[in-house]
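Before any comments, here is the structure.
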Amino acid sequence: MRGEGVYWAKRILGRKPFLTKAVANLAAELDELLKASGPLPAPAPEGLKVALVSGNGLNTIALSMDALWGMALRLRGHNPVALICGEGLASCEFNIVGPGQVDPGRFGAALSRQANGALCATCTDTATTALEAAGLPLYALTQYAVDGEIDEVAAMVERLPVERIREQVQDGIPVGDHAFSSTLRITLRGEVDLNDPYEVWVYRRQLISAILMTRRAGRFLDVEKPDRVVCIHGVYLKHGTLVDLCNQRNIPVCVYGVPYRLNTVLFSHRETYHRSLVTEPNSVWEDTAIDDGDWERLRSYLESKVAGGRDYVNYHPNPILDRSKMEQALGLDPNKKIVSLYTNVIWDAQIYYEYNAFENIFDWLYSTIRYFEKRPDLQLVIRVHPAEVKGGSMPTRQPITPEIQKIFPTLPANVFLIPPESNLSSYTLAEASHAALIYGTKMGLEIAYRGIPVIVAGETFNRGKGFTYDIQSREEYFALLDRVEDLPRVSEEQKERVRRFANYLFFRRMMDMPLIAPKFHRQVRDPGERYYTFNSLDELAPGRNGTLDAICDGITKLSPFMTT
C-alpha cells in the first residue's frame with residue numbers, strides 16, 4: 001500500500017499543478033474568500049468527520065459544491081475532509097484509458113499513453129487545488145492501494161466470460177452492475193454490444209476499476225472511519241460503488257445532484273435521487289398543504305416549461321404549439337384517438353430497478369408498436385426525446401429512430417414518429433392525447449398535470465404516487481392497452497395529488513440555492529464569471545441561509561433534505 005501512496009504524495013507536493021482555466025478561477029475565488037474572511041475555525045472536538053468524495057477533478061460544478069459544503073460544515077464545528085481518485089483507478093467514466101497501469105492495447109491508440117496520463121494528472125491537480133483552497137484535508141484512493149493489486153484484478157477480469165460481467169460481486173458490492181451503467185454512459189448507448197470488441201474492452205476496464213474502487217474506497221472507510229459521507233450523483237462506477245460501500249458499513253451517506261430547475265440542489269439519504277424519489281413513502285408529501293401562493297408559483301413554473309427559461313436545459317425555445325399544424329405535419333386522422341409514447345435518453349442513469357416489466361426500453365417500444373399495428377382504430381405517436389440531438393456535449397450514440405427502423409423499415413400506417421430535432425411541442429401532443437405511455441421519462445408528471453392518463457411501463461419517480469397506471473408485468477400492460485380508449489381523464493382527486501407531489505419535488509426537494517451564481521451549471525465559463533454570489537464566509541454561517549442550514553442539518557443530524 002505504501003509504494004503507490006508515496007508516489008501520489010510526491011506528485012501533489014513536489015510538482016507545480018497543471019490546472020484547467022475553470023478550476024484556476026475557482027481556486028482564485030476561494031482564496032479571495034478565505035483571505036477576506038480570515039481562516040476557517042478549527043473543528044470542534046465533538047464535530048463529525050465528513051468525507052466529501054469528489055469523483056472528477058475536471059468537473060468544476062462538483063468541486064465548487066464540495067468546497068461549499070466543506071466550508072459550511074467547518075463553520076458549524078465539523079471536520080470535513082475530501083477523498084479524490086488521485087490516479088487510483090485503472091480507468092473511469094471520464095478517461096477510459098486511465099493513467100497507464102493497465103495496458104490499453106489497440107483501443108488506447110487514439111491518444112498517447114502520455115496524453116491519457118496527463119488527463120489523469122490534470123484531474124488530480126485540479127481537484128487538489130480547488131479542495132485545498134477550501135481548507136479541506138485531502139485523501140486519495142492511491143493511498144489505499146496494495147502492491148500488485150491492479151495486475152491481479154486485471155488478469156481476473158480478462159479471464160471472465162463477457163456475458164458474466166454484469167453479475168459480478170466484489171465483497172458484497174454489485175460491481176458488475178456499476179460497470180454496466182458506466183459503460184452505457186461512456187458509449188452513450190442503452191445496451192452493451194457483447195459482439196463489439198471496443199464495447200467489451202470498455203466494459204472490462206470499467207469492471208476492473210469498479211473492483212478497485214470497492215477495495216480502495218472500502219479501505220479508506222475502514223481506516224479513516226468517517227461519520228458521514230457526501231457525494232454527487234450516487235450512480236456509475238465511483239459513486240454508485242461508494243454508496244453501496246457506505247450502506248454496507250452503516251455509514252450515513254448523503255447524495256446530491258444539480259436538478260433541472262435553475263439554481264437548485266437536490267439531496268437524498270442513502271441512495272441516488274433516481275431511486276429515492278421512487279422508493280420514499282408518499283407520506284412525506286401527500287399530506288402537505290398547498291396554499292394559493294404555492295399553487296400560483298407551481299402553476300407559473302409548470303407553464304414556463306412549455307417554452308423553457310427556468311430550467312438548465314431548454315430543448316424547444318420556439319415550440320410549435322398549434323395542434324392543427326401537428327396533425328397536418330404528421331398526417332394524423334382527427335377522428336381517431338391518439339395515444340402518445342414518450343421515450344427517454346436510453347443511456348442516462350441506467351441502473352438496476354426491481355420492477356421493470358420489460359427487459360429494456362427497446363423491448364417495451366417494439367412490443368408497443370406491434371400491439372398498435374393490430375389496433376387500427378387508434379393512433380400511436382412516438383415522441384423521441386429531444387435530448388438525443390439537443391443534449392449538449394453528450395448526445396446519444398444509439399438514437400431511437402434508427403433502432404426502430406431496423407425492426408420496422410416501414411412503420412404501421414397508424415404509428416407516427418416525431419423526431420428529436422422537431423419543434424412540435426411535446427406538451428401539445430400530450431394535450432391532444434387520450435392517454436400517454438412512458439418508460440423512464442420525467443415528463444409523466446407534467447402530462448398527468450394536464451389531466452391525461454399516464455401508463456408507466458418502466459421506472460420513474462411518477463410511479464406509485466397515485467396518479468398514474470403503474471405496470472408490474474407485460475400481461476398487465478397489454479390488458480390495460482386493450483381498454484386504453486376507455487381510460488378516464490385524471491380525476492380532480494388525482495390532480496390534487498399531482499399538484500402536491502409537484503410542489504414537493506420542484507420547490508421542497510429541489511432546494512433554492514441563492515449562494516451559487518445564476519450560470520453556475522456551465523462548465524465553460526466566461527472570464528471573470530463567478531461560481532458563488534457571496535463575498536464573505538459570514539454568509540455561510542448558521543442561520544444566514546435556510547437551504548444551507550437544511551443541507552448541513554441533513555448531513556450531520558440526518559434530518560430530511562427539504563425546505564419548509
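Side chains included, hydrogens not; waters and symmetry mates left out as well; all remaining heavy atoms used.
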Mind running side-chain contact (heavy atoms from CB on, under 4.5 Å) on Leu194 and Tyr203 for me, showing each step along the way?
CA-CA 9 Å; Leu194 301 185; Tyr203 202 8; 4.0 Å; yes
Show, in sequence, the C-alpha distance, side-chain angles and deciding distance for Thr187 and Gln398, and conclude whether the side chain to side chain donor-acceptor pair (under 3.5 Å) test is met.
CA-CA 9 Å; Thr187 60; Gln398 191 176 14; over 6 Å; no
Set out, in order, the CA-CA distance, both residues' side-chain angles and the distance that settles side-chain contact (heavy atoms from CB on, under 4.5 Å) for Tyr449 and Phe467, then state yes or no.
CA-CA 9 Å; Tyr449 165 77; Phe467 51 77; over 6 Å; no
Evaluate Tyr342 against His385 for ring-ring contact (aromatic ring centres under 6.0 Å, His included), listing each step before the verdict.
CA-CA 7 Å; Tyr342 293 82; His385 200 298; 9.4 Å; no
Go through it in stages, so that I can follow the logic: the residues are Thr183 and Arg189, the test is side-chain contact (heavy atoms from CB on, under 4.5 Å), and I'd like the CA-CA distance, side-chain angles, deciding distance and then a yes or no.
CA-CA 8 Å; Thr183 300; Arg189 290 169 47 84; over 6 Å; no
Could you walk me through whether Ile400 and Phe362 pass the side-chain contact (heavy atoms from CB on, under 4.5 Å) check?
CA-CA 9 Å; Ile400 288 286; Phe362 296 112; 4.1 Å; yes
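Pairing each heavy atom of Ile452 with each of Ala435, the nearest pair is CG2-CA, 3.8 Å. What you find for Arg508 and Thr563 is that their closest heavy atoms are NE-O, 2.9 Å. The heavy-atom pair separating Thr460 from Thr441 by the smallest distance is OG1-O, 3.2 Å. When every heavy atom of Leu445 is checked against every heavy atom of Asn462, the shortest pair comes out as N-OD1, 2.7 Å. In this structure, Leu237 and Cys92 approach most closely via the heavy-atom pair CD1-CA, 4.4 Å. Closest of all the heavy-atom pairs between Ala217 and Leu242 is CB-CD1, 4.5 Å.
No donor-acceptor pair under 3.5 Å is formed between the side chain of Trp364 and the backbone N or O of Ala357. Judged purely by atom type and a 3.5 angstrom limit, Ser422 has no side-chain atom pairing as donor or acceptor with the backbone of Ile418. Of the possible donor and acceptor atoms, none in the side chain of Ser425 sits under 3.5 Å from a partner among the backbone N and O of Pro319. Gln494 places a side-chain N or O within 3.5 Å of a backbone atom of Ser491 that can act as its donor or acceptor partner. The backbone N or O of Tyr236 lies less than 3.5 Å from no partner atom in the side chain of Arg185, so there is not a single donor-acceptor pair. A donor-acceptor distance shorter than 3.5 angstrom exists from the side chain of Arg204 to the backbone of Leu160, with no hydrogens or angles considered. No side-chain donor-acceptor contact under 3.5 Å links Asp244 to the backbone of Ile173. In this structure, the side chain of Asn360 does not engage the main chain of Glu191 through any donor-acceptor pair within 3.5 Å. When atom types are taken as modelled, the side chain of Arg205 and the backbone of Ile96 share a donor-acceptor pair closer than 3.5 angstrom. Ser209 places a side-chain N or O within donor-acceptor distance of the main-chain N or O of Ser91, the cut-off being under 3.5 Å.
Annotation: Glu286, atom CD; neighbour count of heavy atoms from other residues, nucleotides and ligands within 6.0 Å is above 12. The environment of Glu303 atom CD is dense: over 12 non-hydrogen atoms of other residues, nucleotides or ligands sit within 6.0 angstrom.
Using a 4.0 Å cut-off between charged nitrogen and carboxylate oxygen, Arg497 and Glu493 do not count as a salt-bridge pair. A salt bridge links Lys305 with Asp311: the distance from a Lys NZ or Arg NE/NH1/NH2 to an Asp or Glu carboxylate oxygen falls below 4.0 Å. Electrostatic pairing of Glu496 and Arg500 counts as a salt bridge here, judged by a charged N lying under 4.0 Å from a carboxylate O. The pair Asp512-Arg261 meets the salt-bridge criterion, with a side-chain N (NZ, NE, NH1 or NH2) lying under 4.0 Å from an Asp/Glu carboxylate O. Salt-bridge check for Glu373 with Arg370: failed, with every basic side-chain N at 4.0 Å or more from each acidic carboxylate O. Contact check on Asp177 versus Arg166 returns a salt bridge, with a Lys/Arg side-chain nitrogen under 4.0 Å from an Asp/Glu carboxylate oxygen.
Between Thr343 and Ile382 the shortest side-chain heavy-atom distance falls below 4.5 Å. You'll find the side chain of Thr264 stays beyond 4.5 Å of the side chain of Met511, heavy atoms only. Contact annotation: the side chain of Leu380 never approaches that of Asn414 to less than 4.5 Å [non-hydrogen atoms, C-beta and beyond]. Taking 4.5 Å as the limit, some side-chain heavy atom of Val278 sits within range of a side-chain heavy atom of Glu459. A 4.5 Å side-chain heavy-atom check between Phe267 and Val230 finds at least one atom pair inside the cut-off. In this structure, the side chains of Val175 and Leu207 come closer than 4.5 Å at one or more pairs of heavy atoms. Side-chain contact between Val255 and Ile232: absent, with no pair of heavy atoms (C-beta onward) separated by less than 4.5 Å. Residues Phe506 and Leu302 meet the side-chain proximity criterion, which asks for heavy atoms closer than 4.5 Å.
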Solution key, residues 478-486 side-chain donor-acceptor pairs under 3.5 Å, sequence neighbours excluded:
residue	atom	partner	partner atom	Å
Asp482	OD1	Tyr371	OH	2.8
Glu485	OE1	Arg375	NH2	3.1
Glu485	OE2	Arg375	NH2	3.4

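Under the 30°/60° scheme for interplanar angles, the aromatic rings of Tyr477 and Phe358 are found to stand perpendicular. Note on ring orientation: taking the six-membered ring where Trp is involved, the planes of His233 and His239 are tilted (angle from 30° to 60°). Using cut-offs of 30° and 60° on the angle between ring planes, the pair Tyr301 and Phe507 is perpendicular.
Under the side-chain contact (heavy atoms from CB on, under 4.5 Å) criterion, Pro409 pairs with no residue, sequence neighbours left out. For the side-chain hydrogen bond (donor to acceptor under 3.5 Å, both in side chains) test, residues two or more places apart in sequence or in another chain that qualify with Tyr504 are Glu280, Arg509. In terms of the side-chain hydrogen bond (donor to acceptor under 3.5 Å, both in side chains) criterion, Gln170 has no residue partners (sequence neighbours excluded). In this structure Ser340 satisfies the side-chain hydrogen bond (donor to acceptor under 3.5 Å, both in side chains) test together with Ser433, sequence neighbours excluded. Judged as a side-chain hydrogen bond (donor to acceptor under 3.5 Å, both in side chains), and not counting sequence neighbours, the contacts of Ser300 are Arg310.
For the residue pair Ser367 / Arg474, a side-chain donor-acceptor distance below 3.5 Å is found, with atom types taken as modelled. When only modelled atom types and interatomic distance are considered, Thr428 and Arg323 share no side-chain donor-acceptor pair under 3.5 Å.
Atom CD1 of Ile438 and atom CZ of Arg463 lie 9.0 Å apart (nearest 0.5 Å). Distance CG/Leu321 to CD/Glu431: 9.0 Å, rounded to 0.5 Å. Between the CG atom of Asn95 and the SG atom of Cys123 there is a distance of 8.5 Å, given to the nearest 0.5 Å. The CE atom of Met213 sits 13.5 Å away from the CD1 atom of Ile211 when rounded to the nearest 0.5 Å.
A cation-pi arrangement, defined by a distance under 6.0 Å to the six-membered ring centre and an angle within 45 degrees of its axis, is present between Arg499 and Trp295.
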